[in-house]
Novice: 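Got a structure for you, written out below as structure tokens; questions coming shortly.
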Amino acid sequence: MTSRKTYYITTPIYYVNGRPHIGSALTTLCCDFLKRFRMMRGEDTWFLTGTDENATKNQEAAQEAGVDPLDFVTRLADDFRQAWDGMAYAYDDFIRTTEPRHVRTVQEVFRRLRDTGDLYRGTYEGWYCVSDETFFRETDVRDDHLCPNEECRKPLRRVQEENWFFRLAAYGDRLLEHIEANPEFLQPASRRNEVIGFIKQGLRDASVTRSNNGWGIPVPDEPDKVIYVWFDALINYLSATGWPDDPETYARLWPASVHMMAKEIFVRFHATLWPAMIIALGLPLPQTVYAHGWWVGSGGKKEGKRTGGLPHPLELVRDIESRSGASHELAVDALRYLLLREMVFHGDSEFSEENFLRRYNADLANDLGNLCNRTVSMVGRYCDGVGPAAQPDPEIGAVVAECVREYETVVDEFRFHAALEAAWKIVSRVNRYIVDQAPWNLAKADRRDELDVTLTTCIEAIRVLSILVAPAMPHASAALRQQLGLAEGQPQWADASRWGASSGLRVATPRPLYPRIQDLTAEPLPTPPEKERAMEPQPTDTVAAAPTAKPTITYDDFAKIDLRIADIIEAEPVPNADKLLKLTVQVGDETRTILAGIAEMYEPAELKSKQIVIVANLAPRKLRGIESQGMLLAADVDGQAVILQPETEVPAGAPVR
RNA sequence: GGCGGGAUAGCUCAGUCGGUCAGAGCGAACGGCUCAUAAUCGUUAGGUCGAGGGUUCGAGUCCCUCUCCCGCUACCA
């Protein structure tokens, strides 16, 4: 063994013309999990993500919008960066394909492959789709001369141009050889078989340049051409290592340990073209290329093809946050947990918000959160808040050890949901243990020794859990440790195997990590999350939400919202709710009930006869057992609501535009 | 069209070499407990394991046919 190789893991670089959604969030999350897990084990890690910006479409879209293309893609790239920051993904590097370091590497790759003869000139004459940046053969094109891609169908252009081609066909045998000899190279196995089938069918050389329209990476010495966006994009994994200018960093990072991605870009690009390019360059191949499945809509509809239907991860976070009252950071972790836990190993998984929320209650609120809460509470009550110095139960210790082993095994197989399942075996075993031991009876009978063993066992189990959940839920891990009274700092994996490592901890005041969600009804998700927050009871410990630029919407999107002026006729507090007021409002000749989370800022009396702005066509929703038929608009100032009013009195029901 | 993967309790899914495999979790019902977040613990699900046929002493578990879904690939010059 020579110097220690860094565990280098990558996401694909994301097309900036899409937006972040729970699919790309999952890919990135898997990488984050692996990084955090490896780090915890003491390994050197490097986690790369980024954006793919050289597509011709971007330039055209920028022109339409009348903006400079680079500014345009920069803004879009920032959307991704903010989304990933908001999800607490601890990437080490964010690469953009418009950066000089990437351009430099891509051009060098091109030069070298040109020199070795892996690239050659060829003439292409035929049909070209600008949108897909793809050439089509004569036989693929129908008489209408529209793009054969069913999801595109844009008019094709007749082109004749000389381009550079990559000798992909020459690498089929070498690829197959490597794939057969290295079972861990392409995973999971079902996907590997698809690749083998694809290669055995015979590969075709790939056209890797396009004519230069002012956007993209110019071909060295041929400024009238740019490098095809896919050829350019894959090279980002190499660019980020500093190849060829920074041999030291390169040596530390390359080859990549894992290229993680969703399945649609696996077979042709990451499992075929990219490895062939690497072989042609004479570089070592990545250790593992892994493809996970898609989120598909409920009812068997294939929503994965178009990810437009999938929500933005931070929208879901806001929803969890406002429904549960969990802190923002813990809501982020809740979604991280749910994404990893709901995505099954082999294939596509169903995305259903209701199922997510159900699992939130079951796994996070009832099982994990409550286990911590009841333990800390009992230590407070029976031991004056100091963990006893007893030996924890060895039988539970054996169960914990077994789960820790299982966890480690399945993580190395990329079965994240199975890892979390293993951790939750501990949770449910200890919940059962508590009932079996009945510490409340032990306390009454003054059976001190048994009580000490019981509570020490609980504390120890939670301490181990705080380590096991850390890769998926870094904030929740810290919260568990805070509750137990453990010193701050990164948990270490080795401590998961030290049963009985803690004693005499001073526990914190018990505070539920994950409050239960009362209403699981799945609302249509595109509900504006920020406005909704002002409506919901706000927990006092809510951390300020990470600022998130919302994506641009069209006028049509805006026009769907029916905003109206309303007169407040009646305002009264809602029983058992600190922050909710029940408003009876007049909208034109209609009277409605609206619930608003403004009780902390406004007295019912002072609201009477005030004019407000409401969203009149929001789907009704039950809050605290009362149906709210609309939503009041208010500014959100650090969680406090400030209602919006017309400047002068106007007729109730007047539309707002 | 070819190749591959699915179809298992209301929901999401496990089921390795054919014989306590008909399972888990959630949801629901009932009961226990009271430390806890109306939590937790226990019991309860009688589901023709997509349809039909076959091999076998015995088949979700192997073979054939069919239906539906999904993926990869090819579009028949």
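A note on names: the letters A, B, ... follow the listed sequences, proteins ahead of strands, and every chain is numbered from 1. Values below: every heavy atom of this structure, side chains too, minus hydrogens, waters and symmetry copies. Treat the numbers as computed from the prediction; the structure is a model and nothing was measured.
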Novice: What distance, rounded to whole Å, do you find between the two P atoms, one in G50(B) and one in A9(B)?
Specialist: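 My reading of the P atoms in G50(B) and A9(B) gives 8 Å.
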Novice: Could you tell me the separation between the CZ atom of R359(A) and the C1' atom of C13(B), rounded to a whole number of Å?
Specialist: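 So the CZ-C1' distance, R359(A) to C13(B), works out to 9 Å.
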Novice: From the list G71(B), C11(B), C26(B), which nucleotide is the closest neighbour of the side chain of N355(A)?
Specialist: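 For the N355(A) side chain, the nearest candidate turns out to be C11(B).
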Novice: Below 4.0 angstrom, N of the basic side chain to O of the carboxylate: do E354(A) and R358(A) qualify?
Specialist: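 R358(A) and E354(A): salt-bridged.
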Novice: Please give, in whole Å, the distance from G71(B) C1' to R192(A) CZ?
Specialist: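 After rounding, the reported distance stands at 17 Å.
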Novice: Take atom P in G53(B) and the same atom in G71(B), then report the distance between them in whole Å.
Specialist: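 Nearest-Å result for G53(B) against G71(B) at atom P: 32 Å.
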Novice: Counting only side-chain heavy atoms from C-beta out, which of U40(B), U73(B), C41(B) sits nearest to S428(A)?
Specialist: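 Out of U40(B), U73(B), C41(B), the nucleotide with an atom closest to S428(A)'s side chain is C41(B).
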Novice: Please classify the nucleic acid contact of L371(A) as base, sugar-phosphate, or nothing, using heavy-atom distances under 4.0 Å.
Specialist: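 Touches nothing.
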Novice: Roughly how far apart, to the nearest Å, are A51(B) and C41(B) at atom C1'?
Specialist: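 Taking atom C1' in both A51(B) and C41(B), they lie 42 Å apart.
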Novice: Grab the CG-C1' distance between D363(A) and C26(B) for me, whole Å please.
Specialist: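 Interatomic distance, CG of D363(A) to C1' of C26(B): 9 Å.
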Novice: Provide the distance between the two C1' atoms, one in A7(B) and one in G47(B), to the nearest whole Å.
Specialist: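 Approximately 14 Å lies between the C1' atom of A7(B) and that of G47(B).
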Novice: Return whichever of N441(A) or K263(A) has its heavy-atom-nearest nucleotide of RNA chain B closer to the 5' end.
Specialist: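 On the 5' side of the pair lies N441(A).
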Novice: Can you identify which nucleotide, out of C13(B), U73(B), U37(B), has its nearest atom closest to the A365(A) side chain?
Specialist: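 From the listed options, U37(B) comes nearest.
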Novice: Which of these nucleotides, C35(B), G42(B), G71(B), is closest to any side-chain atom of R432(A)?
Specialist: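 Among C35(B), G42(B), G71(B), the one nearest the side chain of R432(A) is G42(B).
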Novice: Look at E406(A) together with K425(A) and state whether they make a salt bridge at an N to O cut-off of under 4.0 Å.
Specialist: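 Salt bridge: yes.
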Novice: Regarding R429(A) and E395(A), does a basic nitrogen lie under 4.0 Å from an acidic carboxylate oxygen?
Specialist: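 Yes, charged N to carboxylate O under 4.0 Å.
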Novice: Looking at E408(A) and R405(A), is any side-chain nitrogen of the basic one under 4.0 Å from a carboxylate oxygen of the acidic one?
Specialist: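 So R405(A) does not pair with E408(A) through a salt bridge.
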Novice: Whole-Å distance between U12(B) P and L357(A) CG?
Specialist: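 Going from L357(A) (CG) to U12(B) (P), I get 16 Å.
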Novice: How is P515(A) classified with respect to the nucleic acid when contacts are heavy atoms under 4.0 Å: base, sugar-phosphate, or nothing?
Specialist: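 Base, at least one base atom sits under 4.0 Å.
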Novice: Would you say R191(A) places a side-chain N or O within less than 4.0 Å of OP1 or OP2 belonging to C72(B)?
Specialist: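 Negative; the distance criterion is not met.
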Novice: In whole angstrom, give the distance that lies between atom CG of N370(A) and atom P of C33(B).
Specialist: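 Those two atoms, CG and P, are 18 Å apart.
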Novice: Considering every strand and a 4.0 Å limit on heavy-atom distances, what is the contact class for Y382(A): base, sugar-phosphate, or nothing?
Specialist: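 Result for Y382(A) = sugar-phosphate.
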Novice: When the distance from CH2 of W440(A) to P of C35(B) is rounded to whole Å, what number comes out?
Specialist: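 Going from CH2 in W440(A) over to P in C35(B) covers 8 Å.
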Novice: Looking at the base of A36(B), is there any donor atom on it, or on the side chain of N373(A), that sits under 3.5 Å from an acceptor on the other one?
Specialist: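 For N373(A), whose side chain was compared with the base of A36(B), there is no donor-acceptor pair (under 3.5 Å).
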Novice: For C17(B), give its Watson-Crick or G-U wobble partner with both distances under 3.5 Å, or none.
Specialist: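 Looking at the geometry, C17(B) pairs with no nucleotide.
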Novice: Whole angstrom is fine here: how far is it from CG in L203(A) over to P in A74(B)?
Specialist: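 So the two atoms are 11 Å apart, to the nearest Å.
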Novice: Measure the acute angle between the ring planes of Y237(A) and H270(A), then classify it against the limits of 30° and 60° as parallel, tilted or perpendicular.
Specialist: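 Tilted, since the angle between the ring planes falls between 30° and 60°.
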Novice: So what's A28(B) paired with, Watson-Crick or G-U wobble, going by both distances under 3.5 Å?
Specialist: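 U44(B) is the nucleotide pairing with A28(B).
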Novice: Quantified in whole Å, what is the C1' atom distance between nucleotide U48(B) and nucleotide A38(B)?
Specialist: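 Each nucleotide's C1' atom is 39 Å from the other's.
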Novice: So if I take every side-chain heavy atom of V435(A) and compare against G32(B), G71(B), G27(B), which nucleotide ends up nearest?
Specialist: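 Closest nucleotide among those given: G32(B).
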Novice: Could you tell me how far apart N431(A) (CG) and U40(B) (P) are, to the nearest whole angstrom?
Specialist: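 Answer to the nearest Å: 7 Å.
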Novice: Heavy atoms under 4.0 Å, any strand shown: does R268(A) hit a base, just sugar-phosphate, or nothing?
Specialist: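 Here R268(A) touches the backbone only, sparing every base.
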Novice: Which value, in whole Å, describes the distance between the C1' atoms of nucleotides G32(B) and G15(B)?
Specialist: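 Per the computed distance, 32 Å lies between those C1' atoms.
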Novice: Taking syn as within 90° of 0 and anti otherwise, name the glycosidic form of G60(B).
Specialist: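 Base orientation: syn.
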Novice: Over all strands shown, is G197(A) touching base, sugar-phosphate only, or nothing at heavy-atom distances under 4.0 angstrom?
Specialist: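 Counting heavy atoms under 4.0 Å across all strands, no contact is made by G197(A).
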Novice: Side chain of R516(A) only, please: which of G71(B), C41(B), U37(B) is the nearest?
Specialist: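 Selected nucleotide: U37(B).
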Novice: Could you tell me how the ring of F33(A) sits relative to the ring of F37(A): parallel (under 30°), tilted (30 to 60°) or perpendicular (over 60°)?
Specialist: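 Ring orientation of F33(A) relative to F37(A): parallel.
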Novice: Rounded to whole angstrom, note down the C1' distance from C35(B) over to U40(B).
Specialist: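 C35(B) and U40(B) have their C1' atoms separated by 10 Å.
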Novice: For C68(B), which nucleotide is its Watson-Crick or G-U wobble mate, given both distances must be under 3.5 Å?
Specialist: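 Partner of C68(B): G6(B).
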Novice: Measure from the side chain of R374(A), starting at C-beta and using heavy atoms only, and say which of U12(B), G71(B), A36(B) lies closest.
Specialist: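 Out of U12(B), G71(B), A36(B), the nucleotide with an atom closest to R374(A)'s side chain is A36(B).
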Novice: Does N366(A) make a side-chain N or O approach to OP1 or OP2 of U40(B) shorter than 4.0 Å?
Specialist: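 For N366(A), the contact criterion (side-chain N or O under 4.0 Å from OP1 or OP2 of U40(B)) is met.
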Novice: Quick check on RNA chain B: between Q201(A) and Y514(A), whose nearest nucleotide comes earlier from the 5' end?
Specialist: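 Its nearest nucleotide being more 5', the pick is Y514(A).
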Novice: So, R174(A) and E177(A), do they make that salt bridge, N to O below 4.0 Å?
Specialist: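 A salt bridge is absent here (no side-chain N lies under 4.0 Å from a carboxylate O).
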Novice: Considering only the C1' atoms, how many Å lie between C17(B) and G60(B), rounded to the nearest integer?
Specialist: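 That atom pair is separated by 16 Å.
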Novice: Checking side-chain contact (heavy atoms from CB on, under 4.5 Å) for the pair N182(A)/Q287(A): CA distance, chi angles, key distance, verdict?
Specialist: CA-CA 9 Å; N182(A) 298 278; Q287(A) 189 184 336; over 6 Å; no
Novice: Name the nucleic acid region contacted by D367(A), choosing base, sugar-phosphate or nothing; use a 4.0 angstrom heavy-atom cut-off, strictly under.
Specialist: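 If one applies the 4.0 Å heavy-atom cut-off, D367(A) turns out to touch the sugar-phosphate alone, with no base involved.
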